[in-house]
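Just so you know, ligand 1 is whichever comes first in the structure, and atom 1 is the first atom listed for that ligand.
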Amino acid sequence: MKMLKIKEQLTVDLSAAKTLEEVEQVRVRYLGRKGVITTLAKNTDFRTLSAEEKRSFGTKLNELKNFAEEALAEAKEKAAAVKHAQKATGLDLTLPGTGKKLGNLHPISLIQLELENIFQGMGFTVVPSPECELEFYNFDAVNIPADHPAREMQDTFWLKNGMLMRTHTSANQVRTMERLGVPLRAIFPGRCFRNEAVDPSHENTFYQCEGLVVDKDISVANLIAVMKTLLGEIFHREVTVRLRPGFFPFVEPGFELDLQCLICGGKGCSTCHGTGWIELIPCGLVHPRVLEYAGVDPKEYSGFAFGVGLTRLAMMKYGIPDIRLLNAGDIRFNEQFPAMV
Ligand code: PHE
């Protein structure tokens, strides 16, 4: 056999050798006393070769031996690692896969990961936030005192220990300022709860993603720029937005940010109820009192906040007609979404 052929065949044999024993068999086949490489030298009739040819043959033979030794050592190491892993885990990693489909992410998770990605690209920190809250952070700290009518719109589940299931991610605004200090740029996505009569567009459990930016000289222009960037990335096109006045006790001024309907381009269709606009993101400049609750001086700092309805956004992006499908845990529903973002 020619040396090049031997090299090739050795590589093929080694890639098929999975266990230490099999690697050893290959070693014997090539480098053993009667091995292919060993006999190559023996079977060559040196008398027929010139001095030059002898030298060249010797060099090549040495190269081949070195190659074989290195390749064998590498294969041996690999086989030993597999054996070790097998011992440690009880799993045979060399077995072929079962061909079963991998699981996929829930549409809410997909949209959440997408948002986290987009905001991280804009320098935001993703902050974890508790679902079970103190009344103070959920209501008082965001300027909703006990006698405020907004409390009635956000009835929730109260726990025996006096805490509650948060009604919105805004509950984490003051916590975040306390923890991270200002200036800051953060989002906190998560699950929220309200005591709702359940129908195709209302659930007692839903997801929001709050955003909070506090710095010097923050204005509505910054808010609009961030919102337009976000929506452009989510819907993969330039979007048109408008702000309408909206009331939330923790922002001043407060807005409803509407998205020009992407289905009809603003002409009016059934998705936008004939108006050409879709109400999408409540937002506004952080109320001075909220900053004060967090120990931040409103004369020095200002900020904006927004609350993206993740559930709503997922329904729009994936065309999900009934909110109840999202929490039903039906695998046939979940399997219809992409496996990864
Ligand atoms: N927390 C509000 C809600 O749940 C939304 C919101 C967030 C409004 C931030 C303004 C600013 O309805």
Atom pairs and distances, side-chain donor-acceptor, residues 316-327, under 3.5 Å, sequence neighbours left out:
| unit_1 | atom_1 | unit_2 | atom_2 | d |
| --- | --- | --- | --- | --- |
| K317 | NZ | E114 | OE1 | 3.1 |
| K317 | NZ | E114 | OE2 | 3.2 |
| K317 | NZ | I234 | O | 3.3 |
| D322 | OD1 | R324 | N | 2.8 |
| D322 | OD1 | R324 | NE | 3.1 |
| D322 | OD2 | R324 | NE | 3.4 |
| D322 | OD2 | R324 | NH2 | 2.9 |
| N327 | ND2 | T205 | O | 3.3 |

Apply side chain to side chain contact (heavy atoms under 4.5 Å, CB included) to the pair E210 and I187, showing each step before the final yes or no.
CA-CA 5 Å; E210 192 90 358; I187 57 164; over 6 Å; no
Checking Q25 against E21: is there a side-chain donor and acceptor pair closer than 3.5 Å?
no
Identified side chain to side chain contact (heavy atoms under 4.5 Å, CB included) partner of L257 from the options I224, I278, I281
I281
Side-chain donor-acceptor pair present, S129, R166, cut-off under 3.5 Å
yes
Write 'none' if nothing qualifies; otherwise put on separate lines each N/O atom of ligand 1 with a protein N/O atom under 3.5 Å away and their distance to 0.1 Å.
| unit_1 | atom_1 | unit_2 | atom_2 | d |
| --- | --- | --- | --- | --- |
| ligand 1 | 1 (N) | H168 | ND1 | 3.0 |
| ligand 1 | 1 (N) | S170 | OG | 2.8 |
| ligand 1 | 4 (O) | R194 | NH2 | 2.9 |
| ligand 1 | 4 (O) | Q208 | NE2 | 2.9 |

Closest non-hydrogen atom pair between I144 and H168, with its separation
CD1-CE1, 4.4 Å
